[in-house]
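Okay, structure first, notes after.
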Amino acid sequence: METAAIILAAGAGTRMKSKKPKVVHEVLGRPLVRWVVEAAKAAGADKVVTVVGHMRDQVIPLVEGDTEVAVQTEQRGTADAVLAAKDALAGFDGAVVVLSGDSPLIEPETIRQMAALREEHNAAVIVLTMELENPFGYGRIVRDGAGEVARIVEQKDASPEEAAITECNSGVYCFDAKALFEALEQVGSDNAQGEFYLTDVLAISRAAGRPVLAYKTADPEQCLGVNSRRQLADATAVMQRRINDAHMAAGVTMWDPATTFIGPEVEIEPDVELLPAVMLMGATSIGEDSVIGPNTRLTDTQVGCGCVIDETVAVEARIDDGATCGPRAYLRPAAHLCEGAKAGTHVEIKKSTIGKGSKVPHLSYIGDTTVGEGVNIGAGSITCNYDGANKHATVIEDGAFIGSDTMMVAPVTIGEGALVGAGSTITKDVAPGALALGRARQQQMEGWVAAHPIVKKK
């Protein structure tokens, strides 16, 4: 039977104390609502509808590409939010899973199990429940004598006896589509909040003679919602552990998993070693036998095999097999270290290719530059690529040697095998095999210090 998912992403999240809606906040670089969308898709949902409301201009761009967007114009409760998706699911006959856009830890397998259980028992509703030592704030599951779910009582509406119940509502449900939308038309707002509760659908379904069952998870963590910065940090820690455990099981070594943060799209091959304080985000990939860290952040960066990346920040960069980087290097977008190349200590590279076996070992800036193979660029050298209005290119051909403290004022080409003397300012092209010197002549005045008493003696 087909399955659809409704993701409720209309909540205000005032406890976040933020100018952003809570579902836009990120766990390991991915917005909360996107974690839920991806879980629904991974579970096999044939259609996904995202219900937006408060500050929806920030939420819609995150979900409009692969989900259908429905708008809850007024925040009048969870039942009203689900009802906003009715038109998007017109004619749908199957299971409808309702998920919270601020609960990023839900597992695809749990969604699949709930859908299978609903179909097996032809139930109107399957409620995902959890046992909590401290259930405060959660709706309580009240069961009947047969063990079915009689009703869900919200915290503010619970009697002392009901408040003592430790089985809680997770906010995740799997409904029969037809039963859901028929029941929603009957939901009222006679409660402490004056809202239309989705939980009232359960009692309505029972009155119609349809089974209402619970699926109790053994892992309450996957039901955690995010309504505060503290809960955002808690969710991040759970997802960090899940992702790290999966990579270690696949053959990745981590010295300290607690300080290793890996985004959900990162790909790492076996026998990679991650040292402490490593952050890998976006579409980053690491080839086998590479060592990353410590104190390294790579975003949307491709690293080859057998690389050593030490104390480096790299964004949208490419590092080929056997290249080395750092410590304290910065690779900006479109930086490319070819096979065996080196970007050393306090080196910044932007929109440049460093050819096979070439080295930029120390204290240099290389921007808008094409460096050939076997080039050595001495310490403190800079390609002066910006004239105040436009960027210009530098070309350093194979085998050239650039002496320390050289300024290469673009546009300029330094020919194959050329040598540039230390301390030079190069403003014109250098021919292949030539020696180029572009520095002022040194002058020396004997006895000058003694003849000028204003110079203080030590």
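The shown structure was predicted, so the numbers you read here are calculated from the model rather than taken from an experiment. Keep in mind that the numbers below use all heavy atoms, side chains included, and drop hydrogens, waters and symmetry copies.
Of the possible donor and acceptor atoms, one in the side chain of R140 sits under 3.5 Å from a partner among the backbone N and O of I165. Using modelled atom types, one side-chain atom of T312 and one backbone atom of D310 make a donor-acceptor pair closer than 3.5 Å. At distances below 3.5 Å, not a single donor-acceptor pair connects side-chain atoms of T199 with backbone N or O atoms of Y197. Put simply, the side chain of Q72 gets close to the backbone of E74: a donor and an acceptor are under 3.5 Å apart. Side chain of N244 to backbone of T260: a donor-acceptor contact under 3.5 angstrom is found. A donor-acceptor pair is defined here as one N or O able to donate and one able to accept, closer than 3.5 Å; such a pair exists between the side chain of R242 and the backbone of L105. Looking only at distances, a side-chain donor or acceptor of Q240 sits under 3.5 Å from a matching main-chain atom of A258. Of the possible polar contacts, none joining the E148 side chain to the D144 backbone as a donor-acceptor pair under 3.5 Å is found. Listed for the S228 side chain is a donor-acceptor partner under 3.5 Å among the backbone atoms of Q231. In this structure, the side chain of W35 does not engage the main chain of S103 through any donor-acceptor pair within 3.5 Å.
The shortest side-chain heavy-atom distance between I286 and L298 falls under the 4.5 Å cut-off. Side-chain atoms of T236 and L28, non-hydrogen and from C-beta on, do get closer than 4.5 Å to each other. You'll find the side chain of I377 reaches within 4.5 Å of the side chain of I366, heavy atoms only. Between Y365 and I349 the shortest side-chain heavy-atom distance does not fall below 4.5 Å. Within the 4.5 Å cutoff, no side-chain heavy atoms of D219 are placed close to those of T110. Side-chain atoms of L331 and V315, non-hydrogen and from C-beta on, never get closer than 4.5 Å to each other. Within the 4.5 Å cutoff, the side chain of T394 has no heavy atoms near those of the T370 side chain. Looking at heavy atoms from C-beta onward, L132 lies in side-chain contact with P220 at the 4.5 angstrom threshold.
Each ring-ring contact (aromatic ring centres under 6.0 Å, His included) pair with one or both residues in residues 223-279, not counting sequence neighbours, would appear here, but there are none. Residue pairs meeting the side chain to side chain donor-acceptor pair (under 3.5 Å) criterion with at least one member in residues 349-358, sequence neighbours excluded: K350-D368. Residue pairs meeting the salt bridge (charged side-chain N to carboxylate O under 4.0 Å, His left out) criterion with at least one partner in residues 46-60, sequence neighbours excluded, are K47-E68. Applying the side chain to side chain donor-acceptor pair (under 3.5 Å) test to pairs two or more places apart or on separate chains, those with a residue in residues 164-181 are T129-E167, E131-T166, R143-E167, N169-Y173. Annotation: salt bridge (charged side-chain N to carboxylate O under 4.0 Å, His left out) contacts involving residues 154-165, sequence neighbours excluded, comprise R151-E162.
Residues M16 and L232 approach most closely at CE-CD2, 4.3 Å, considering heavy atoms. The shortest non-hydrogen separation linking V187 to A79 is CG1-CB, 4.0 Å. Between N390 and Y386, the shortest heavy-atom distance links the atoms O-CD1, 3.3 Å. The shortest heavy-atom contact between N385 and A410 is CA-CB, 4.1 Å. The shortest heavy-atom contact between D320 and C307 is O-SG, 3.0 Å. Residues I7 and G101 approach most closely at CG2-CA, 3.8 Å, considering heavy atoms.
Taking the side-chain hydrogen bond (donor to acceptor under 3.5 Å, both in side chains) definition, one finds that Y330 meets it with nothing, sequence neighbours left out. Contacts of S285 classified as side chain to side chain contact (heavy atoms under 4.5 Å, CB included), with partners at least two apart in sequence or in another chain: E267, Q302. Taking the side chain to side chain contact (heavy atoms under 4.5 Å, CB included) definition, one finds that V266 meets it with I262, I268, L280, T284, sequence neighbours left out. With sequence neighbours excluded, the residues forming a side chain to side chain contact (heavy atoms under 4.5 Å, CB included) with A40 are A5, A45, V48, L99, listed by chain and number. Under the side-chain hydrogen bond (donor to acceptor under 3.5 Å, both in side chains) criterion, T217 pairs with Q222, sequence neighbours left out. Annotation: side chain to side chain contact (heavy atoms under 4.5 Å, CB included) contacts of V24 (sequence neighbours excluded): K20, P21, Q58, V59, L62.
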Residues T50, T67; criterion side-chain hydrogen bond (donor to acceptor under 3.5 Å, both in side chains); working and verdict:
CA-CA 6 Å; T50 305; T67 83; 3.0 Å; yes
Determine, step by step, whether I292 and L275 satisfy the side-chain contact (heavy atoms from CB on, under 4.5 Å) criterion, reporting the C-alpha distance in whole Å, the side-chain angles of both residues, the deciding distance to 0.1 Å, and the verdict.
CA-CA 6 Å; I292 312 297; L275 277 59; over 6 Å; no
Report the C-alpha separation of E185 and K86 in whole Å, then their side-chain angles, then the decisive distance to 0.1 Å, and conclude whether the salt bridge (charged side-chain N to carboxylate O under 4.0 Å, His left out) test is met.
CA-CA 11 Å; E185 300 292 347; K86 182 177 180 180; 3.0 Å; yes
Kindly determine whether R34 and D66 satisfy salt bridge (charged side-chain N to carboxylate O under 4.0 Å, His left out), including the steps that lead there.
CA-CA 10 Å; R34 283 306 313 178; D66 57 353; 2.8 Å; yes
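Salt bridge status for E311 with R297: absent, with no side-chain N to carboxylate O gap under 4.0 Å. E38 has no carboxylate O lying under 4.0 Å from a charged side-chain N of R30, or vice versa, which leaves the two without a salt bridge.
For the atom pair CD1 of I309 and CG of L274, the computed distance is 11.5 Å after rounding to the nearest 0.5 Å. Atom CD of E288 is separated from atom CD of E273 by 14.0 Å, given to the nearest 0.5 angstrom. Atoms CG and CG, from L198 and L8 in turn, are 7.5 Å apart once rounded to the nearest 0.5 Å.
In the model, D102 has no side-chain atom that pairs as donor or acceptor with a side-chain atom of H25 under 3.5 Å.
For D93, the CG atom is loosely surrounded, since the number of other residues' heavy atoms within 6.0 Å does not exceed 12.
If you run side-chain contact (heavy atoms from CB on, under 4.5 Å) between V371 and each of V395, T383, I354, only I354 comes through.
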Below 3.5 Å, can you tabulate the donor-acceptor pairs from side chains in residues 338-348 to any protein atom, sequence neighbours excluded?
residue, atom, partner, partner atom, Å
H346, NE2, R328, NE, 3.3
E348, OE2, R332, NH1, 2.8

